[in-house]
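Notes follow the structure.
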Amino acid sequence: MGNDVLFETLLRLADNHLILGHRLSEWCGHAPMLEEDLAMPNIALDLIGQSRALYAYAAEIENQGRSEDDLAFLRLEKDYHNILMVERPNGDFGHTMLRQFLFSSFMVLFWERAQNSTDKVLSGIAGKAFKESQYHVRHTAEWIIRLGDGTEESHKRMTAATAALAPYIGELFEADAVDQSAISAGIIPRASDLRGAWETQVRSVYAEATLEPILDHQAQTGGRIGQHTEDMGFLLAQLQYVQRTYPNMTW
Amino acid sequence: MGNDVLFETLLRLADNHLILGHRLSEWCGHAPMLEEDLAMPNIALDLIGQSRALYAYAAEIENQGRSEDDLAFLRLEKDYHNILMVERPNGDFGHTMLRQFLFSSFMVLFWERAQNSTDKVLSGIAGKAFKESQYHVRHTAEWIIRLGDGTEESHKRMTAATAALAPYIGELFEADAVDQSAISAGIIPRASDLRGAWETQVRSVYAEATLEPILDHQAQTGGRIGQHTEDMGFLLAQLQYVQRTYPNMTW
Amino acid sequence: PEFLAEFQKRIDREEKIEPNDPMPSGYRKTLVRQIGQHAHSEIVGMLPEGNWITRAPTLRRKIALLAKVQDEGGHGLYLYSAAETLGVSRKQMTEELLSGKAKYSSIFNYPTPTWADMGAIGWLVDGAAIMNQIPLCRCSYGPYARAMVRVCKEESFHQRQGYEIMISLAHGSPEQKEMAQDALNRWWWPSIMMFGPHDSDSTNSDQSMAWKIKRFSNDELRQKFIDATIPQAEYLGLTVPDPDLKWNPEKNDGKGGYDFGAIDWDEFWTVVKGGGKMNVDRITARQKAWDDGEWVRDAALAHAKKQTAKKASATLAAE
Amino acid sequence: PEFLAEFQKRIDREEKIEPNDPMPSGYRKTLVRQIGQHAHSEIVGMLPEGNWITRAPTLRRKIALLAKVQDEGGHGLYLYSAAETLGVSRKQMTEELLSGKAKYSSIFNYPTPTWADMGAIGWLVDGAAIMNQIPLCRCSYGPYARAMVRVCKEESFHQRQGYEIMISLAHGSPEQKEMAQDALNRWWWPSIMMFGPHDSDSTNSDQSMAWKIKRFSNDELRQKFIDATIPQAEYLGLTVPDPDLKWNPEKNDGKGGYDFGAIDWDEFWTVVKGGGKMNVDRITARQKAWDDGEWVRDAALAHAKKQTAKKASATLAAE
């Protein structure tokens, strides 16, 4: 396995975390209650922090003189390789919580196993991220239950969120040739192996939330190879604004 | 009067039209009815067309090798000298129509007199723009009346729009030292001279629309010298996206 | 049956059928479905290109794009009007679009991630649309045929405009060339699929042919499109993403034409059935515009009623 | 009157007043107003900086900014809790903020057009806030004083962080330096005004001093702030936008200090009364968050009730 597989693997993970952290950070100052104005940035900080560690390591592996910020801010849209779920617009608070719950429920399993990665740096990142993800799952699961089994309106909204996010679940468990190489080399766990545990976890929360699970919807994919939904361009226009407007400066 | 006054005068006019055209173009494909999906782009096309003629002429006057597109796309936020009204977010359809009505009611008077500008190029631009503005006023006035004197809800929304836009009226009639020079040189009409006719026009439409006019609210200003509201940065992030991401190319 | 035969004779004499003429209910139904679908395609088709209006790279391109998207709205309007002559209202058609009952061209369920997509859509999607639409200018139903004459004139302008964007990119910087190639890669096969299933799998085609609603088969039009487009791609210096593409001098009765690879019909049906990247977003955007606009439409109606009432009482008072 | 005298004695002995202690209604009212206003300032203060979270230039800066804005939310939470000990609910305070009945610091009605504003706010606005707040750590009301201890610790971290952003810019490219100077130009006077009207024009100050809610006068704190900040501006190589600024060795009882120009109180009052560039947008943003969040708060409440009912019936069944 060449460094390029490791680099691409780190980049995908980093992009997932940066973009989802970005989306979550859009809520800051606009949450339904002050407690969530603290909780959502908390999660966003964890995600962006994880992305930073991953970009820094990816930059090191690439060894082409690019920095963590070059990777985070100065690529073209097609070179961001995050899954589609994380770039989807926030929707309402319930939609945001459900997206986070679905993602973090996956990541907690992923990071748990990645602690045994043959790559020692990644296994170190995984150790910290695993603990953080546990909190993300706990916090969001509580909201799924509260909102699913809350009022008639909240139940309706959560049902809509369930349907809206269903097409973006499948991509979590995909593996293309790059992933396969990384899995074979013991760098990352095989996502499809995590599906069973993920479903058990998600189904139990949906059940408590009195929500009908839609977990096997036909999957939207393409994120891994940079084929995004139309929302991505607008997200990048903001993310990259300063770096693009004032190139080659130190901030 | 130096060329710098003419340049700055053209730039301010151009920025007003580009930014308002940009805002209006955001509606394209999302209007309340198909007829308005044609009418709003029509007005936006006129506005952006006017801005293009003005930027092209400004670039010529500046004579520093900058093109119309360099002026339109490659300045920093503080170098855009449009009034604040035009950069305000669209709000609902009624808010958009009212903003356009207030602006175009001013511009129709402005362009009418600017046909006699001592600057022959500007007077030519004014001739075309005058005719176009007459349509803008007519179309938007009809909507103000329809919505003001429509349903209870539409009346309420228009009342809210009236209040929301009131602080941005005063800036239309301002004149700083640059404007004074341009006025003295006969390049542009004195905006304050147009206020009477503008108010008569606006009051008559508000009356027919059964709306309470708020025309003398304390004015928000600063646009002329590049001091914008926070929405401007996000607008520019989109406007400049391609030019900033792929510098120095031909499109 | 006697009426049907009589109607067919009119069709065969190339007479135009007009709104008040008697017509078989199948003919009416086919037209309502097809014109409605066509109108919806124009309306939904505003979205993928509308996506770039606020980000167009120059003033000239921004103006051209805005005008183009507006034209598409205009086409929608002609077409809804043509459909209305058959006794179905725009509101009804809109509701069918939003509920998913009525379809629109599947091509608009692909996203437009780059500026080059504005070129590729004009060049390929409008190009394919024109192939489909030119014969419709001679469609047996008068209002539809006349609407299509206007539409086609504008579409061919759009197509040239799109191709011109592609030229700028393909002859531009390496980044721009790559952007153009990437757009061609993504839009080629979906454009090829715009002609619909192979003739052997196409339902309803024969009757539409007989009624002269349709004048060429899907495969005939597809072949014409490919033959016309390959030289354009060559001029751009771009590679059409089909390794099986090959000039075949035997084709088209010896005039020559291109052989091409197998079409991935699974993808086609996936997208038709709602699995495209943008299906949900497209309908969501239209639904939002419709919902957000309700108070405006209600107010316009209420105001019009007030005006009518005022006029009536003024007339009464004057009598 | 006897009670008032007794209360004053406790204050004079520097005893902390606690929630359940008897207190004059004026004391309570003053505190509720001040703590509420302070809490609202933290909450509204999230918006001008929140404006740059999605556009921060590096990962490090993005993380720091996000954490900072989150801290402000945390301060809001401590302060609302301190106010609640005086018998006013967070909901009530929020409604007073939204209705305009309760005020917040006027400084947050200025916009943040550039990244340099993230530096200037940290350096100047947080700097001025700390000057105001450090004495509040010794405020006579216990819960407020304790909340302020936590707030001050974090604020001084924020201030250093802001100043560090200014250093990067002021020592950066010419564009960055210009951006830093422009931010200083815009934030200098509003920061100076944060200390409120001159002592000669300040109402209620004497009573607050006597009650040891306030420990220094507006002008004293303002002078301290200016004296501390000018050397920092000099280190940055930036020009403070006050031509009348001058070192005066006589000031501060001969220790020396800066003379400064006349403050534009008209602007101050304009912004306080709602005429700032962002007043309306700030309240609109808070109102929207509040309205959009209603269904969430309702659902949380409904769910909690269901859980309580379940537990109760479980307990009943178990008996």
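Every chain is numbered from 1 and lettered A, B, ... according to where its sequence line falls, protein lines coming before strand lines. Just so you know, these numbers come straight off a predicted model, no measurement behind them.
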Legend entry - Short side-chain to backbone donor-acceptor contact, Arg286(C) and Gly29(B), under 3.5 Å: yes
Inset, instruction - Verify, without hydrogens or angle tests, whether Asp292(C) (side chain) and Pro32(B) (backbone) share a donor-acceptor contact under 3.5 angstrom. - result: no
Inset, instruction - Select one option (side chain, backbone, both, neither) describing which atoms of Ile167(C) are under 4.5 Å from chain B's heavy atoms. - result: neither
Inset, instruction - Heavy-atom distances under 4.5 Å only: say whether Arg61(C) touches chain B with side chain, backbone, both or neither. - result: side chain
Legend entry - Leu18(B) versus chain C, the contacting section by heavy-atom distance below 4.5 Å: side chain
Legend entry - Contact origin within Ala44(B) toward chain C - heavy atom pairs under 4.5 Å: both
Inset, instruction - With a 4.5 angstrom heavy-atom cut-off, could you sort out which part of Ala304(C) is near chain B: side chain, backbone, both or neither? - result: neither
Inset, instruction - Could you look at Gln243(B) and say if it's the side chain, the backbone, both or neither that has a heavy atom under 4.5 Å from chain C? - result: side chain
Legend entry - Among Lys306(C), Glu164(C), Lys62(C), residue most engaged with chain B (heavy-atom pairs, under 4.5 Å): Lys306(C)
Legend entry - Heavy-atom pairs under 4.5 Å with chain C, option from Asp149(B), Asp37(B), Val242(B) with the top count: Asp149(B)
Legend entry - Greater than 12 external heavy atoms within 6.0 Å of Lys120(B)'s NZ: yes
Inset, instruction - Test side-chain contact (heavy atoms from CB on, under 4.5 Å) on Trp251(B) and Arg60(C) and set out the steps. - result: CA-CA 9 Å; Trp251(B) 299 95; Arg60(C) 183 168 82 91; over 6 Å; no
Inset, instruction - Below 4.5 Å from any heavy atom of chain C, which atoms of Trp27(B) appear? Answer side chain, backbone, both or neither. - result: neither
Inset, instruction - Would you please test Ile53(C) and Glu26(B) for side-chain contact (heavy atoms from CB on, under 4.5 Å) and show each step? - result: CA-CA 8 Å; Ile53(C) 291 172; Glu26(B) 292 173 355; over 6 Å; no
Legend entry - Neighbour count above 12 (heavy atom, 6.0 Å) for Glu208(B) CD: no
Legend entry - Minimum heavy-atom distance between Asp69(B) and Leu59(C), given as atom pair plus value: OD1-N, 2.9 Å
Legend entry - Heavy-atom side-chain contact between Tyr241(B) and Thr54(C) under 4.5 Å: no
Legend entry - Criterion side-chain contact (heavy atoms from CB on, under 4.5 Å) on Cys28(B) and Gln70(C), from CA distance to verdict: CA-CA 7 Å; Cys28(B) 189; Gln70(C) 185 198 30; 5.5 Å; no
Inset, instruction - Please determine if Arg90(C) and Glu35(B) form a salt bridge, counting it only when a charged side-chain N lies under 4.0 Å from a carboxylate O. - result: yes
Inset, instruction - Identify the two heavy atoms, one from Leu66(C) and one from Pro41(B), that lie closest to each other, and give their separation to 0.1 Å. - result: CD1-CB, 4.0 Å
Legend entry - Proximal component of Asn248(B), with respect to chain C [non-hydrogen, under 4.5 Å]: neither
Legend entry - Top of Tyr55(B), Phe73(B), Phe93(B) for chain C proximity - count of heavy-atom pairs under 4.5 angstrom: Phe73(B)
Legend entry - Side chain / backbone / both / neither for Tyr246(B) at chain C, heavy atoms under 4.5 Å: side chain
Inset, instruction - Nearest 0.5 Å please: distance from the CD1 atom of Ile63(C) over to the OG atom of Ser51(B). - result: 6.5 Å
Inset, instruction - Quick one: which of His30(B), Gln238(B), Arg23(B) has the most heavy-atom pairs under 4.5 Å with chain C, could you say? - result: Gln238(B)
Legend entry - Options Gln176(C), Met46(C), Arg297(C), Met179(C), ranked by heavy-atom pairs under 4.5 Å with chain B, top entry: Gln176(C)
Legend entry - Partner chain B: residue of Ala67(C), Gly119(C), Ala289(C), Ala299(C) with the largest heavy-atom pair count (under 4.5 Å): Ala299(C)
Inset, instruction - Mind listing the closest non-hydrogen atom pair of Ile43(C) and Leu34(B) along with its distance? - result: CD1-CD1, 3.4 Å
Legend entry - Which atoms of Arg157(B) approach chain C - backbone, side chain, both or neither, heavy atom under 4.5 Å: side chain
Legend entry - Spacing of Asp71(C) atom CG and Leu38(B) atom CG [to the nearest 0.5 Å]: 9.0 Å
Legend entry - Smallest separation among heavy atoms of Met249(B) and Ser173(C), with atom names: SD-OG, 3.1 Å
Inset, instruction - Look at Leu45(B), Thr151(B), Asn42(B), Asp92(B) and state which one has the largest set of heavy-atom pairs under 4.5 Å with chain C. - result: Leu45(B)
